[in-house]
K.L.:
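This is the structure I want to talk about, given as C-alpha cells.
In each ligand, atom 1 is the first atom listed, and ligand 1 is the first ligand listed.
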Amino acid sequence: MKSKFQPDEYGYFGQFGGAYIPELLYPNVKEIEDNYIQIIESDEFQKEYKSLLKDYVGRPSPLYYAKRLSSKYGAHIYLKREDLNHTGAHKVNNTIGQILIAKKLGKTQIIAETGAGQHGVATATVCALMGLNCTVFMGETDIKRQAPNVARMKMLGAKVVPATSGSKTLKDATNEAIRYWIQNPHTFYLIGSVVGPHPHPDMVARLQAVISEEMKWQLKEKTGKENPDTIIACVGGGSNAAGAFYHYMDDEEVELIAVEAAGLGVNSGESAATSQLGEVGIIHGSKTILMQDEYGQIVEPYSISAGLDYPGVGPLHAFLFESGRAKFMNATDKEALTAAYELTKIEGIIPALETAHALAVLPKLVFDKDQVVVINLSGRGDKDLETFIKHLEE
Ligand SMILES: Cc1ncc(COP(=O)(O)O)c(C=O)c1O
C-alpha cells in the first residue's frame, strides 16, 4: 500500500506540493517526472548509485552511540554520522543520485543553488567526477559567511554566481537558479533539498532515504530493534530530515522531531521558523508553508546558519506539520552555538551550524531513561569555524 507521505500523481502531499512553473519549464520538468522513478528503480541505477555511495562517499555512515551526551540528557542518544560522508554532509547522497539521472537523460550542463555551500560543493564534486559543467548560484551574504566552501567549489571547477537581491541568501540564490533555468531550459537543475516543483521534492527524498534505510539495520544490530523512539533532524528545506524520517513515517510510534532556525527568537522579526510564522502559499514552484506578509510578499528570513536561512519548508514537511505527524520545534542562534560547543567538548565532534540546531533541542525535551533517540548529524562544522571562534571569544 502506498504511504500517505508519498505524493499523489500530481505531486501533492495533502494540500501541499504540485508544480507551479512557467510554461517554458514544462517540457523539462515533465521529462524528469516521466522518467525519475523508472530510472531510480532500475537495476543499472541502483548498482551505480549504491557502488558510488559505498566506495566514493564512504557509506554506510556510522551510527554512533554518544555515551557522554546520553548520560548528560538521560537517554540513549545515537548520532547518524552524515558529517563523515565525502564532502562533509548528507547533501552528497542526493547529488550522486541526481547526477546519474541527469546523465541518463543526456544532460551536460548542471546548475544548482546553495546556502551553506554544502550542496554547492556536493554538486561541484559530482560534476567533476562525471566531467560535466557546473554553475552554482549563491547569495552574496552566504559567499562571505561560508567562504571555505566557495573556495572548494572553485577548486572543483564550478562557476559560482553571486545572488545580489533580497537578503542575498538561499532564497535569492534559488530565485537566480530558477531564472537561469527558465532562460536555459536544456540545463539540469540539480536541486539541493526537498523543495521546488514536483517531482523534485519526491526525487530528493527518495535519494536521501538511504539514511533511514541504514538506520534500521544499524539500530537492529545495536539495540535489537529497528525502530528508535525518537528521531531529531534540523530543517532548512528539509532533505536531511526527509532522509532520516523516510522509512519511519508510517510507523506512528516513532516520534519525529523537526527543528527549525529561530534566529534571534521566533517573534523577533529575525527568524526562519517557517512552521510557526508561515502560511500557505507558493514558493519556488510548490505550494507549501512560507513566511509572507499580508500582501503575500515573502518575508526575509534570518538565521546564523546559511543552510536554514530559508522562508519556506518543502511540501512534505508542510504536510508532516499540518497532519501533526512530526513535532516542529525551533532553536535560536545562541542555543545552536551552545549546542555546537557542547558536542565538541563532550564528544569531540564539531557539527555544522545547521546540525547544531537539531542538537539544541535536547535540553528542551524530557526523556525516559530507556528512550532511544537518533539525531541526524547532517554535517561537519569545518565551514563554520570562523563563526564558532568569533562567538567563542565574545
Ligand atoms: C549540514 C547541513 N545540514 C542541514 C542543511 C539544511 O538543508 P536540508 O533541510 O535540506 O537538510 C544544510 C543545508 O545547507 C546543511 O549544509
Side-chain angles (χ1 to χ4, degrees), residues 61 79-85 87-95 98 112-123 136-139 142 145-146 148-150 152-153 169-171 173-174 190-196 200-201 203-205 207-209 211-212 231-246 257-261 272-275 284 288 301 303-318 320 326 328 330-331 336 339-340 343 349-360 375-384 387:
S61 66
L79 304 176
K80 181 63 174 152
R81 302 289 309 273
E82 295 299 301
D83 60 316
L84 294 178
N85 292 341
T87 71
H90 65 294
K91 297 286 184 187
V92 72
N93 305 326
N94 168 44
T95 61
Q98 279 201 60
E113 84 299 332
T114 198
Q118 286 300 144
H119 175 60
V121 168
T123 306
V136 180
F137 296 88
M138 187 171 193
D142 295 338
R145 62 177 161 169
Q146 305 282 225
N149 277 344
V150 178
R152 292 166 83 197
M153 283 183 262
T169 56
L170 181 55
K171 155 183 72 67
T174 311
L190 205 160
I191 216 157
S193 191
V194 283
V195 297
H200 291 266
M203 178 167 62
V204 177
L207 297 172
Q208 290 291 0
I211 299 173
S212 45
I231 305 171
I232 306 175
C234 67
V235 172
S239 68
N240 86 89
F245 296 169
Y246 199 88
I257 300 182
V259 187
E260 295 177 315
T274 306
S275 67
H284 299 143
T288 187
S303 164
I304 192 170
S305 135
L308 305 186
D309 196 349
Y310 186 70
V313 284
L316 166 64
H317 291 284
L320 288 171
F328 276 65
N330 54 72
L343 190 76
I349 298 171
I350 305 176
L353 262 173
E354 290 75 21
T355 317
H357 287 72
L359 296 158
I375 301 175
N376 197 34
L377 214 75
S378 59
R380 68 175 90 123
D382 307 27
K383 68 187 180 60
D384 299 310
T387 310

K.L.:
Before you tell me yes or no, could you show the steps for Asn240 and Glu354 under side chain to side chain donor-acceptor pair (under 3.5 Å), namely the whole-Å CA-CA distance, both residues' side-chain angles and the distance that decides it to 0.1 Å?
P.N.:
CA-CA 11 Å; Asn240 86 89; Glu354 290 75 21; over 6 Å; no

K.L.:
Tabulation required: pairs of a nitrogen or oxygen in ligand 1 and a protein nitrogen or oxygen under 3.5 Å; columns are atom names and distance to 0.1 Å; otherwise 'none'.
P.N.:
unit_1, atom_1, unit_2, atom_2, d
ligand 1, 3 (N), Ser378, OG, 2.7
ligand 1, 7 (O), Lys91, NZ, 3.2
ligand 1, 9 (O), Gly236, N, 2.7
ligand 1, 9 (O), Gly237, N, 3.2
ligand 1, 9 (O), Gly238, N, 2.7
ligand 1, 9 (O), Ser239, N, 3.4
ligand 1, 10 (O), Lys91, NZ, 3.2
ligand 1, 10 (O), Ser193, OG, 2.6
ligand 1, 10 (O), Gly238, N, 3.4
ligand 1, 10 (O), Ser239, N, 2.8
ligand 1, 10 (O), Ser239, OG, 2.7
ligand 1, 11 (O), His90, NE2, 3.0
ligand 1, 11 (O), Ser239, N, 3.4
ligand 1, 11 (O), Ser239, OG, 3.2
ligand 1, 11 (O), Asn240, N, 2.9
ligand 1, 11 (O), Asn240, ND2, 2.8

K.L.:
Do Asn149 and Gln118 have a side chain donor and acceptor closer than 3.5 Å?
P.N.:
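Per modelled atom types, Asn149 and Gln118 side chains form a pair under 3.5 Å.
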
K.L.:
Not counting sequence neighbours, which residues clear side chain to side chain contact (heavy atoms under 4.5 Å, CB included) with Ala112? List them please.
P.N.:
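Listed in chain order: His119, Thr123.
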
K.L.:
Decide whether Asn93 and Gln208 meet the rule of one side-chain donor and one side-chain acceptor closer than 3.5 Å.
P.N.:
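Yes, Gln208 and Asn93 have a side-chain donor paired with an acceptor closer than 3.5 Å.
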
K.L.:
According to ring-ring contact (aromatic ring centres under 6.0 Å, His included), who are the partners of Tyr246, at least two apart in sequence or on a separate chain?
P.N.:
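For Tyr246 there are no ring-ring contact (aromatic ring centres under 6.0 Å, His included) partners, ignoring immediate neighbours.
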
K.L.:
Who pairs with Ser239 by side chain to side chain donor-acceptor pair (under 3.5 Å), at least two apart in sequence or on another chain?
P.N.:
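Counting only residues at least two positions away or on another chain, Ser239 forms a side chain to side chain donor-acceptor pair (under 3.5 Å) with His90.
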
